[in-house]
Q: 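Take this structure first; my questions come after.
Any value given below was found using the heavy atoms of this structure, including those in side chains, with hydrogens, waters and symmetry copies removed. Quick caveat: nothing in here was measured; it's all calculated off a predicted structure. FYI, the numbering just counts along the sequence from 1.
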Amino acid sequence: ETPQAEAPAPTVEIQPKKTAIVGFTMSNREAPWGNPDWQIWVLNNLWKMCPPSWHRLYDLHDLKTITSDEDHLAYLRGEERQSLTGEKVRLGNRPLYCFKPQPEWPTAVQFPRDEIVEQLGTYYTNSVSWIVSHALLEMVEAADEFTKVKLAELATVCEDKGYHEMVEPGLRAALQREYLAQCELHLYGIDMSTEGEYSAQRPSVEFHLGIASGMGVRIHVPTQSDLLKVVGLYGSEEDNALYAKCVERERELLEKG
């Protein structure tokens with residue numbers, strides 16, 4: 001009887017998390033609306049003015065602020081409302097993340113504030129920073145799960161169990177990095193302008209985006225956003241377009257006398 005070949009061991013595929021956090025400014029048009037590879041998370045009452053193909057709603061204001069908008073409050077209760085384009089819309093079964101879920105908000109979920117603070121500190125001056133950290137927390141959890149399954153798979157094909165135990169810490173770290181390097185975190189419609197209230201909030205968002213980048217997560221913000229932008233590279237102003245423009249303008253003025 002011809003021996004049958006053994007079936008190959010199952011391979012765990014990387015299914016990276018791709019999360020787009022979407023706010024109110026014009027660059028929100030660039031978000032991956034309708035793309036099944038992406039999770040789209042929107043803020044506050046953006047449901048009134050964006051395509052319906054989003055997955056989570058975050059309202060991290062205090063209760064007084066949330067309840068001051070009766071139309072928004074009715075939407076959170078699950079009632080049908082009218083968007084600014086005239087469409088009838090509902091929250092449906094999509095989760096609402098908030099600090100204080102209320103019984104009349106059927107899909108409300110407790111935002112994991114304490115867990116995030118324990119893992120990523122207390123530098124939060126706005127909703128976007130909190131949501132960025134929530135995305136990172138879920139990416140790390142997914143990386144841990146991927147790593148756990150992959151290590152178990154490798155253990156079944158490794159004959160030298162002692163060797164496997166010896167190299168497991170390094171393998172674990174490498175697998176986590178491999179997973180996170182495939183994850184993406186994009187911000188759209190969140191400009192954090194250098195003027196007004198948002199300029200004071202911007203450093204907190206950039207701090208947590210820096211954590212994401214350090215973890216290996218791919219970061220993207222639109223060109224028109226002020227996030228992660230500088231006028232020029234410190235100590236290398238000659239390479240900066242604005243600097244070159246100013247030098248040229250100064251030369252023209254001097255020539256005109």
Q: Any donor-acceptor pair under 3.5 Å linking the side chain of N35 with the backbone of P32?
A: no

Q: What residues, two or more places apart in sequence or in another chain, satisfy salt bridge (charged side-chain N to carboxylate O under 4.0 Å, His left out) together with D62?
A: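 In terms of salt bridge (charged side-chain N to carboxylate O under 4.0 Å, His left out), with neighbours along the sequence ignored, D62 is linked to no residue.
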
Q: So I66 and W105, side chain to side chain contact (heavy atoms under 4.5 Å, CB included) or not? Walk me through it.
A: CA-CA 12 Å; I66 295 175; W105 303 343; 3.9 Å; yes

Q: Measuring from S68:OG to L63:CG, what's the distance to the nearest 0.5 Å?
A: 11.0 Å

Q: Check whether T107 reaches the backbone of P95 with its side chain - one donor and one acceptor, N or O, closer than 3.5 Å.
A: no

Q: Given 3.5 Å as the limit, does a donor-acceptor pair link the side chain of S225 with the main chain of I190, or not?
A: yes

Q: Does some side-chain heavy atom of L228 sit less than 4.5 Å from a side-chain heavy atom of I219?
A: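 Yes, at least one pair of side-chain atoms sits under 4.5 Å.
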
Q: Should N44 and F24 count as side-chain neighbours, where that means a heavy-atom distance under 4.5 Å?
A: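 Yes, their side chains come closer than 4.5 Å.
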
Q: According to the ring-ring contact (aromatic ring centres under 6.0 Å, His included) rule, which pairs have a member within residues 208-227, sequence neighbours left out?
A: Y124-H208, H186-H220, Y188-H220

Q: Say whether Q201 and E206, considering side chains only, have a donor N or O and an acceptor N or O under 3.5 Å apart.
A: no

Q: Between T19 (side chain) and A135 (backbone), is there a donor-acceptor pair under 3.5 Å?
A: no

Q: Heavy atoms, side chains only, cut-off 4.5 Å: are L57 and L76 in contact?
A: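 Yes, side chains in contact.
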
Q: Between V128 and L43, what is the shortest heavy-atom contact and its length?
A: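 What the structure gives for the nearest pair is CG2-CD2, 3.9 Å.
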
Q: List the atom of A212, the atom of L136, and the distance in Å for their closest heavy-atom pair.
A: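 Closest pair (atom of A212, atom of L136, distance): CB-CD2, 3.4 Å.
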
Q: So which atom in M192 and which in R202 form the shortest heavy-atom distance, rounded to 0.1 Å?
A: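 Closest pair (atom of M192, atom of R202, distance): O-CD, 3.4 Å.
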
Q: For the pair R81 and E70, find out whether any cationic side-chain nitrogen is under 4.0 Å from an anionic carboxylate oxygen.
A: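 Salt bridge flag = no for E70 with R81.
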
Q: May I ask you to test the Y97-Q110 pair for a side-chain heavy-atom distance under 4.5 Å?
A: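 No, every pair of side-chain atoms sits at 4.5 Å or beyond.
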
Q: Taking C-beta and beyond as the side chain, do M139 and V217 meet within less than 4.5 Å on heavy atoms?
A: yes

Q: With the side chain counted from C-beta on, respond yes when L185 and L187 share a heavy-atom pair under 4.5 Å apart, and no when they do not.
A: yes

Q: Strictly by salt bridge (Lys or Arg N to Asp or Glu O under 4.0 Å), give each pair with a member in residues 135-146 just once, sequence neighbours left out.
A: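 Qualifying pairs, neighbours excluded: R56-E138.
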
Q: Checking I131 against L60 for the side chain to side chain contact (heavy atoms under 4.5 Å, CB included) test, could you report, in this order, the C-alpha distance in whole Å, the side-chain angles of both residues, the deciding distance, and whether it holds?
A: CA-CA 9 Å; I131 301 169; L60 301 178; 4.1 Å; yes

Q: Going by salt bridge (Lys or Arg N to Asp or Glu O under 4.0 Å), name the pairs with one or both residues in residues 109-126, residues two or more places apart or in two chains.
A: none

Q: State the CG-CD distance between L137 and Q119, to the nearest 0.5 angstrom.
A: 6.0 Å

Q: Before accepting this row, confirm whether a basic side-chain N of the pair D191/K229 lies closer than 4.0 Å to the acidic partner's carboxylate O.
A: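 So D191 does not pair with K229 through a salt bridge.
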
Q: Taking C-beta and beyond as the side chain, do V22 and W33 meet within less than 4.5 Å on heavy atoms?
A: yes

Q: Does N28 reach the main-chain N or O of G23 with its side chain, forming a donor-acceptor pair under 3.5 Å?
A: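 Checking the backbone N and O of G23 against the side chain of N28, a donor-acceptor pair under 3.5 Å is found.
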
Q: Considering all heavy atoms of both residues, which atom of N126 and which atom of S204 are nearest to each other, and what is their separation?
A: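 Minimum heavy-atom contact is ND2-CB, 3.9 Å.
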
Q: Could you grab the distance from atom CD of Q102 to atom CG of L73, nearest 0.5 Å is fine?
A: 9.0 Å

Q: Tell me whether L227 is reachable from M26 by hopping between hydrophobic residues (I, L, V, M, F, W, Y) whose side-chain heavy atoms are closer than 4.5 Å.
A: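 Looking at the clustering, L227 is in a separate group from M26.
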
Q: How far does CD of E80 sit from NZ of K88, to the nearest 0.5 angstrom?
A: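 That separation rounds to 5.5 Å.
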
Q: Using a 4.5 Å cut-off on heavy atoms from C-beta on, say whether the side chain of Y58 contacts that of H134.
A: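 Yes - at least one pair of side-chain heavy atoms lies under 4.5 Å apart.
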
Q: Nearest 0.5 Å, please: how far is CG in L180 from CZ in R218?
A: 11.5 Å

Q: If every non-hydrogen atom of C183 is compared with every non-hydrogen atom of P16, which pair is closest and at what distance?
A: N-CB, 3.9 Å

Q: Taking L96 as the starting point, is it possible to reach I40 by hopping between hydrophobic residues whose side chains are less than 4.5 Å apart?
A: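 I40 clusters together with L96.
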
Q: Can you say whether the rings of W47 and Y75 are parallel (under 30°), tilted (30 to 60°) or perpendicular (over 60°)?
A: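 W47 vs Y75 ring planes: parallel.
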
Q: Can you tell me how far the NZ atom of K148 sits from the CZ atom of R172, to the nearest 0.5 Å?
A: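 K148 NZ to R172 CZ: 10.0 Å, rounded to 0.5 Å.
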
Q: I'd like to know whether CD of Q15 has more than 12 heavy-atom contacts from other residues, nucleotides or ligands below 6.0 angstrom.
A: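 No, not enclosed.
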
Q: Among all residues two or more places apart in sequence or in another chain, which pass the ring-ring contact (aromatic ring centres under 6.0 Å, His included) test with F99?
A: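 Result, ring-ring contact (aromatic ring centres under 6.0 Å, His included) vs F99: F111, W130.
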
Q: Indicate the atoms forming the closest heavy-atom contact of R77 with P106, along with that distance.
A: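 Looks like O-CD, 3.7 Å.
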
Q: Is there a chain of hydrophobic side chains (I, L, V, M, F, W, Y, each step under 4.5 Å between heavy atoms) that links L120 to W41?
A: yes

Q: Linking I/L/V/M/F/W/Y whenever any side-chain heavy atoms sit under 4.5 Å apart, do L46 and W38 land together?
A: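 Different clusters.
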
Q: Which is it for Q39 and W54 under the side chain to side chain contact (heavy atoms under 4.5 Å, CB included) test, yes or no, and what are the steps along the way?
A: CA-CA 7 Å; Q39 276 277 313; W54 51 269; over 6 Å; no

Q: Taking only residues at least two apart or on different chains, which pairs with a member in residues 94-105 satisfy salt bridge (Lys or Arg N to Asp or Glu O under 4.0 Å)?
A: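 Sorted result for residues 94-105: empty, none.
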
Q: Is a donor on one side and an acceptor on the other found under 3.5 Å between the side chain of T65 and the backbone of H61?
A: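 Not a single qualifying donor-acceptor pair exists.
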
